[in-house]
2 protein chains.
Amino acid sequence: MANQLSSLDQIFAALADPTRRAIVMRLCAGEASVGELADPFDMALPSFMKHIHVLETSGLVQSEKSGRVRTCRLSADALVGAEDWFQQQRAVWEARLDRFEAYVMKLKKEKERTAAKRPSRTTKRKGS
Amino acid sequence: MANQLSSLDQIFAALADPTRRAIVMRLCAGEASVGELADPFDMALPSFMKHIHVLETSGLVQSEKSGRVRTCRLSADALVGAEDWFQQQRAVWEARLDRFEAYVMKLKKEKERTAAKRPSRTTKRKGS
DNA sequence: TGTATAGTTAGCTTCATGGCTAACCAATTA
DNA sequence: TAATTGGTTAGCCATGAAGCTAACTATACA
C-alpha cells in the first residue's frame, strides 16, 4: 500500500499528458513491450521512454526487462488510489449537498408556513 | 457538457498540485472567497490567484465577483468527468482480468488433467 | 474624503517538462 | 562473427509552471 496519498501528485501529473493516458489505456488491455507501446506514436524513442519512466515513477506502470525487450504492465493499485481520491471528494460534496438540500427544504417549509398566514401574498409577483 | 474529454489534460494537471487539490477539497465543503481560501497557505496572493485561475480554466471551479470579493465554488461536472475516466479504465482492466482469470482456469484444468495422468509428479518440488 | 481591504496586473526568476539528435550497449539472428 | 534489433544514455533546446515583489484598481468603511 505504501504512501499512495503523497504520490497523488505524480499520479495526476502522469495522467495529465494525453500520450501517457493513451499508454495507460493501452495497458489496461494487457501488457506490452516498449516498442509495441511506442509504435502508434509519432515520437522519437527516447522521448517516448521518458513517458514510460514518468508512468513508472508514479507507480502506475511496472516494467521488467527480459533479454533485450522490456515489458510493461499496469499496476492497478495506483489507478485505484487516484480513483479513491475522487470518491472521497464526492462523499464530502454530496454530504454538503444533502445538508444544503435539507436547508432549502427548511426554508421552503418556513415560507409555506408564512404563506399560510398571509394567503393573499402567495401569488406571482414579478421578475425572476 | 461541452468537451470534457479534451480537457482531461487540464483537469488532471490542475489536480497534480497539492495546493490545488487542497482548494478543491476545501470547496467540496462549500463555497468561499479567495481570501478565505488563501488564508491557510503561506503564499503570496498573486501566486495563489494563479492556482485559482488554473482551477477555473480546467473547469473544476467557478467564481463570481460581487463588490470587491470573489466567491469560488466547485463545479462538480469536471470532477465527475475525471472520475468517469477512471471508471472506464477500470472497466477495461476488469474485463481483461476476467479474461485472464478464465485463461488461468483453463490452464489449471489442463494441468489437472495432465496431473491425473502422471500422479507421481504432483507433490511439492522446491523453491517458490 | 481619506484609508483600509480584496483582488489584480505586470514583470521577473528558477526549475521542470517534453521534445529532439547522436552515440552507445546488449541480445538476437544470419 | 557480423549485422540487426530493442532499448538506453547523454546532452541540447524551447516552453511553461510556480513562485516572488511592486505597483495598481476598486470597493467598503470611518
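Fair warning: this is a prediction, and the values are worked out from it, not measured in the lab. Residue numbers start from 1 in every chain, and the chains themselves are labelled A, B, ... in the order their sequence lines are given, proteins ahead of strands.
Note: CZ (Arg68(A)) to P (dT4(D)) measures 12 Å, nearest angstrom. When the P atom of dT27(D) is taken as reference, atom CD of Glu64(B) falls 15 Å away, rounded to whole Å. Going from atom CZ of Phe48(A) over to atom P of dG7(D) covers 10 Å, rounded to whole Å. One interatomic measurement links the two molecules: CE of Met43(A) to P of dG7(D), which rounds to 16 Å at whole-angstrom precision. Computed from coordinates, the Leu45(B) CG to dG19(D) P distance equals 13 Å when rounded to whole Å. Separating the CD1 atom of Ile23(B) from the C1' atom of dA18(D) is a distance of 13 Å, rounded to the nearest angstrom.
Paired with Glu31(A) under the rule salt bridge (Lys or Arg N to Asp or Glu O under 4.0 Å), one option of Arg70(A), Arg26(A), Arg73(A) passes, and it is Arg73(A).
The shortest non-hydrogen separation linking Ala78(B) to Gly59(B) is CB-O, 3.4 Å.
For the contact set between residues 27-38 of chain A and DNA chain D, defined by any heavy atom under 4.0 Å, the members are Ser33(A), Val34(A), Gly35(A). Residues of residues 49-56 of chain B having a heavy atom closer than 4.0 Å to DNA chain D, listed by number: Lys50(B), His51(B).
Chain A approaches DNA chain C over the interval dG18(C) to dT28(C), counting the first and last nucleotide 5' to 3' with an atom under 4.0 Å from its heavy atoms.
Of the possible polar contacts, one joining the Arg21(A) side chain to the Leu15(A) backbone as a donor-acceptor pair under 3.5 Å is found. The closest donor-acceptor contact from the side chain of Arg20(A) to the backbone of Ala14(A) lies under 3.5 Å. Side-chain N or O atoms of Glu36(A) include one that pairs as donor or acceptor with a backbone N or O of Ser33(A) at under 3.5 Å. Not one N or O on the side chain of Arg96(A) forms a donor-acceptor pair closer than 3.5 Å with the backbone of Leu27(B).
At a cut-off of 3.5 Å, with distance as the only test, a side-chain donor of Glu56(B) or Ser63(B) sits close to an acceptor on the other residue.
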Open item on the list: For a side chain to side chain contact (heavy atoms under 4.5 Å, CB included) check, start with the C-alpha distance between Leu45(B) and Val34(B), then their side-chain angles and the critical distance, and finish with the verdict.
Closed with: CA-CA 9 Å; Leu45(B) 240 204; Val34(B) 168; 4.2 Å; yes

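Of the two residues near DNA chain D, Ala44(B) and Pro46(A), the one whose nearest nucleotide lies more 5' is Pro46(A).
Summarising the local packing, CD of Glu64(B) is surrounded by 12 or fewer heavy atoms from other residues, nucleotides or ligands at distances under 6.0 Å.
Note that Arg90(A) lies outside the cation-pi zone of Trp93(A), set by a 6.0 Å cut-off to the ring centre and a 45° limit from the axis.
Under the 30°/60° scheme for interplanar angles, the aromatic rings of Phe86(B) and Phe86(A) are found to be tilted.
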